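Note that these values count all heavy atoms, side chains included, but never hydrogens, waters or copies made by symmetry. The model shown is predicted, which means the values in this text are computed figures rather than measured ones.
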Amino acid sequence: MKRSAQAGALTFETAGSEDLPRFKRELQHAFAAGMIQAFGACPEGSIPSDADIEDSFHAQGAVPLHLLIAGTRIGGAVLRIDEATHHNALELFFVSTQAHGRGIGLQAWKAIEARFPRTKVWETHTPYFEKRNIHFYVNKCGFKIVEYHHRHHPDPHHPAPPGMPDDGEMFRFEKTMTHG
């Protein structure tokens with residue numbers, strides 16, 4: 001069963017297993033655009049891989065969401081919600097390339113925060129070369145860079161996907177929430 005939650009002009013719709021093929025295509029297209037912008041091409045295969053997306057989509061505590069504006073899908077997110085610790089993660093997040101630069105990402109992020117008000121800490125990752133994402137998370141959303149993963153300091157929980165430039169170097173971000 002689908003659920004929607006209103007957040008201004010933006011709504012969320014829970015993504016089900018039947019939505020996974022389209023969700024993967026749209027997410028991979030959005031991620032490929034960042035690779036092409038940074039490097040002029042995208043490595044062989046899909047980034048992130050089908051398996052990585054499926055693992056996030058079906059993980060314990062996963063909340064896969066479509067982002068909609070006026071009923072049209074313009075992006076998606078996969079959250080990992082831990083009801084015991086309230087240390088939650090933004091596993092995957094994308095806005096369609098046609099919708100970039102309109103404030104939709106920030107509107108969606110604020111709505112996600114509002115939807116999970118008991119969160120103590122949010123965590124996410126992004127590749128080192130994604131300047132647009134780094135700006136978004138740090139300067140717009142209030143995350144802090146807390147760790148830099150590279151070949152001498154790999155992330156034991158998120159191994160670098162094969163074919164990524166510079167061995168898949170990534171930043172890990174956290175945002176500590178203040179309530180009350």
Side-chain angles (χ1 to χ4, degrees), residues 1-8 10-31 34 46-68 73-96 104-127 130 133-134 136-138 140-149 153-161 164 168 170-180:
M1 175 183 237
K2 305 271 183 189
R3 292 182 324 187
S4 292
Q6 185 68 28
L10 180 132
T11 57
F12 295 112
E13 183 178 86
T14 301
S17 293
E18 70 280 3
D19 299 317
L20 187 54
R22 180 177 172 188
F23 190 95
K24 284 192 291 193
R25 272 193 318 275
E26 292 172 355
L27 182 140
Q28 289 166 338
H29 178 74
F31 278 42
S46 299
I47 303 291
S49 72
D50 287 350
D52 287 343
I53 297 169
E54 291 165 13
D55 288 348
S56 291
F57 207 86
H58 296 297
Q60 182 175 345
V63 179
L65 300 169
H66 295 293
L67 308 174
L68 298 92
R73 291 181 183 170
I74 51 86
V78 178
L79 311 172
R80 187 175 25 86
I81 305 301
D82 187 324
E83 294 292 344
T85 67
H86 302 290
H87 285 238
N88 299 328
L90 176 62
E91 294 289 329
L92 299 166
F93 185 56
F94 73 99
V95 173
S96 166
I104 293 168
L106 183 58
Q107 181 185 1
W109 177 248
K110 287 180 179 181
I112 287 169
E113 286 184 355
R115 186 174 176 146
F116 297 95
R118 296 178 61 197
T119 299
K120 293 177 181 177
V121 177
W122 283 103
E123 177 182 300
T124 197
H125 295 79
T126 204
E130 281 284 8
N133 289 359
I134 295 164
F136 174 74
Y137 290 124
V138 173
K140 297 287 186 176
C141 299
F143 281 82
K144 295 192 179 338
I145 297 172
V146 296
E147 199 165 14
Y148 173 52
H149 294 288
H153 181 68
D155 183 344
H157 306 293
H158 296 93
M164 288 288 288
M170 301 281 279
F171 287 111
R172 183 171 69 87
F173 303 83
E174 285 186 355
K175 180 176 183 178
T176 301
M177 304 302 290
T178 55
H179 302 287

Query - Contact summary for Phe93 and Gly105, nearest pair of heavy atoms - result: CZ-O, 3.6 Å
Query raised in the report: What's the spacing between Arg115 CZ and Leu65 CG if we round to 0.5 Å?
Result: 5.0 Å
Requested in this report: Kindly write out the residues that satisfy side-chain hydrogen bond (donor to acceptor under 3.5 Å, both in side chains) with Asp82, not counting sequence neighbours, or none if the list is empty.
Outcome: Thr85
Report task. Taking all heavy atoms of Ser56 and all of Val78, pick out the closest pair and write down the distance. Result -> O-CG1, 3.4 Å
Query raised in the report: Heavy atoms, side chains only, cut-off 4.5 Å: are Pro127 and Met170 in contact?
Result: yes
Query raised in the report: Can you tell me how far CG of Asp55 sits from CG of Leu92, rounded to the nearest 0.5 angstrom?
Result: 10.5 Å
**Report entry** Mutual orientation of the aromatic rings belonging to Phe171 and Tyr148 [parallel < 30°, tilted 30-60°, perpendicular > 60°]
**Finding:** tilted
**Report entry** Pairs meeting criterion salt bridge (Lys or Arg N to Asp or Glu O under 4.0 Å) with involvement of residues 118-127, two or more places apart
**Finding:** Glu123-Arg172
Requested in this report: Could you grab the distance from atom CE of Met177 to atom NE2 of His86, nearest 0.5 Å is fine?
Outcome: 13.0 Å
Report task. Drop me the distance from Lys175's NZ to Leu90's CG, to the nearest 0.5 angstrom. Result -> 11.5 Å
Query raised in the report: Would you call the rings of Trp109 and Phe143 parallel, tilted or perpendicular if under 30° counts as parallel and over 60° as perpendicular?
Result: tilted
Report task. Taking ring pair (Phe, Tyr, Trp, His ring centres under 6.0 Å) as the test, write out the residues that go with Phe116, two or more places apart. Result -> none
Report task. Can you see which heavy atom on Gln60 is nearest to which on Arg80, and at what distance? Result -> O-CG, 3.6 Å
Query - Between CD on residue Gln28 and CD on residue Glu26, distance to nearest 0.5 Å - result: 11.0 Å
**Report entry** Set of residues satisfying side chain to side chain contact (heavy atoms under 4.5 Å, CB included) with respect to Thr126, sequence neighbours excluded
**Finding:** Glu130, Asn133, Ile134, Tyr137, Phe173
Query raised in the report: What are the two closest non-hydrogen atoms of Phe12 and Leu67, and how far apart are they?
Result: CE2-CD2, 3.1 Å
Query raised in the report: Out of curiosity, Leu20 CG to Ile53 CD1, how far, rounded to the nearest 0.5 Å?
Result: 7.5 Å
Query raised in the report: At their closest point, which heavy atom of Ala15 faces which heavy atom of His66, and how far apart are they?
Result: CB-NE2, 3.4 Å
Query raised in the report: For Thr119, what residues pass the side-chain hydrogen bond (donor to acceptor under 3.5 Å, both in side chains) criterion, not counting sequence neighbours?
Result: Asn88
Query raised in the report: Looking at Pro21 and Glu18, what are the two nearest heavy atoms and their distance?
Result: CD-O, 3.7 Å
Requested in this report: Could you check Ser96 against Arg73 for side chain to side chain contact (heavy atoms under 4.5 Å, CB included), going step by step and ending with a plain yes or no?
Outcome: CA-CA 9 Å; Ser96 166; Arg73 291 181 183 170; over 6 Å; no
**Report entry** With sequence neighbours excluded, residues passing side-chain hydrogen bond (donor to acceptor under 3.5 Å, both in side chains) with Arg25
**Finding:** none
Report task. Flag the pair Glu54 / Lys24 as yes when at least one side-chain heavy-atom distance between them is below 4.5 Å, and no otherwise. Result -> yes
